[in-house]
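What follows is one structure encoded as structure tokens, with my remarks underneath.
Atoms within each ligand, like the ligands themselves, are counted from 1 in listed order.
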Amino acid sequence: MSLPKIILKQGKAKPFYRRHPWVFAGAISKTENSPTDGAEVEVFSSEGNFIARGLYNSQSKIQVRLYTWNLDQPLDKDFFKSKFQNAIKLRNDLGLNNNEVGCRLVFSEADGLSGLCVDKYGKWLVMQFTSLAMANRREMFADILQELINPEGIYLRTEKGIGKLEGISLQDEICRGTPPEGTIPIQEHGLQFMVNLTEGQKTGYYLDQRDNRLEAAKLAKGRKVLDVFCYGGGFSLHALKHGAIETVGIDQSASALHLAADNAKRNNLGPSRWILGSAFETLAELVKTGEKFGVVVLDPPKFARSRSAIDEAIKGYRRLNTLGLKLLEPGGFLISCCCSGLITMDMMEQILALVGADEKRDIQVLQRRGPSPDHPVAATCLESHYLKCIITRVM
Ligand code: SAH
């Protein structure tokens with residue numbers, strides 16, 4: 001039986017020949033054979049030429065996610081298994097697939113598996129879906145992971161808000177094996193961090209900043225470090241290990257700060273102050289006290305969740321970086337991060353230029369960094385380059 005077809009509008013095919021994996025509703029002229037949500041479909045140009053195979057969801061802005069450009073390749077278990085094998089091979093080559101360090105085993109578009117992330121902590125895996133069609137295939141993916149990794153357990157977590165965007169209704173629950181008892185220790189560049197994969201933020205930890213935390217720490221010796229949006233204290237602890245004289249972490253989540261204080265204790269590191277509060281208000285109060293820092297790290301949550309939110313997000317980043325600059329001593333280092341895929345590196349640099357001019361401070365960009373390499377960027381889908389980390393010196 002032939003697959004349902006998606007016919008694109010005239011002039012809309014080019015990005016998909018170039019292997020961008022997201023087909024938005026605006027590119028689609030019509031559907032044939034009534035695809036159901038989650039179904040495998042074939043995508044054709046308006047001239048009737050085959051372009052790719054994908055998975056359909058009428059409820060999402062991304063109506064088709066594309067997985068193969070090969071006409072004869074069904075999107076079956078063997079196909080997906082080979083994608084998982086490629087993804088795992090990369091983490092093996094990076095030396096990250098073991099039971100000590102945490103790592104992202106599968107990163108959505110960047111591993112050709114749009115809509116699925118898999119993180120590994122010790123002997124446990126966490127699967128997270130951002131696509132209905134992929135979520136519908138979760139038992140198949142769990143089988144594949146069981147065959148390739150044989151974990152103690154696979155836990156399912158769904159990001160808040162994604163249900164609405166995709167029409168997914170999933171419970172956070174164990175879907176294979178047994179859940180871990182309590183928290184799992186992971187190693188990161190010589191430090192131990194505790195991960196609660198059932199209750200912690202994201203899948204329990206922010207693996208993407210692993211190498212940026214180390215790079216920032218190398219600048220911290222003999223300096224006081226302000227770690228804004230600190231979560232489990234990652235930037236602070238690495239800074240202390242590299243000789244920071246004191247760290248101050250700010251987060252609005254009390255459980256994050258408990259985790260941070262506990263992580264500091266486990267690693268015998270200090271002195272640290274942990275301040276519970278909204279970042280913008282707390283920074284403004286610190287500015288009033290006149291306290292200054294030698295390193296300021298800004299690692300906010302995503303400000304731009306949709307194109308319509310970009311202007312507001314830019315204002316937010318501008319305000320945040322202004323406050324950061326005001327707290328930075330001359331010759332100090334500002335580490336400015338942004339995890340909004342819709343805000344590019346260029347845009348962040350423009351924001352820094354504006355902020356520097358406003359505050360009459362010269363900013364030198366030392367490093368333009370992305371996420372750790374277990375979060376690769378798909379060259380055909382630059383939206384997967386969501387995390388930017390700009391390391392600067394400010395006179
Ligand atoms: N820097 C961390 C990751 C930060 S994730 C690391 O290296 O692991 C973003 C953090 O910002 C989360 O811990 C969240 O609780 C916190 N957060 C979100 N909005 C906030 C706000 N308005 N003020 C303070 N903290 C906030």
Would [X] count as a polar contact of ligand 1, with the cut-off being nitrogen or oxygen pairs under 3.5 Å?
| X | answer |
| --- | --- |
| Ala279 | yes |
| Pro301 | no |
| Asp227 | no |
| Gln209 | no |

Nearest-contact summary for [atom] - protein heavy atom, Å:
| atom | result |
| --- | --- |
| atom 5 (S) of ligand 1 | Tyr206 CZ, 3.3 Å |
| atom 25 (N) of ligand 1 | Gln252 N, 3.1 Å |
| atom 15 (O) of ligand 1 | Asp251 OD1, 2.6 Å |
| atom 9 (C) of ligand 1 | Asp299 O, 3.8 Å |
| atom 11 (O) of ligand 1 | Phe229 CD2, 3.3 Å |
| atom 7 (O) of ligand 1 | Arg213 NH1, 2.6 Å |

### Minimum side-chain heavy-atom gap His238-Leu191 below 4.5 Å
yes
### Task
Just jot down the ligand 1 atoms closer than 4.0 angstrom to any heavy atom of Ser253, in number order.
15 (O)
### Query
Who's closest to atom 12 (C) of ligand 1 heavy-atom-wise, of Glu188, Arg210, Gln201?
Gln201
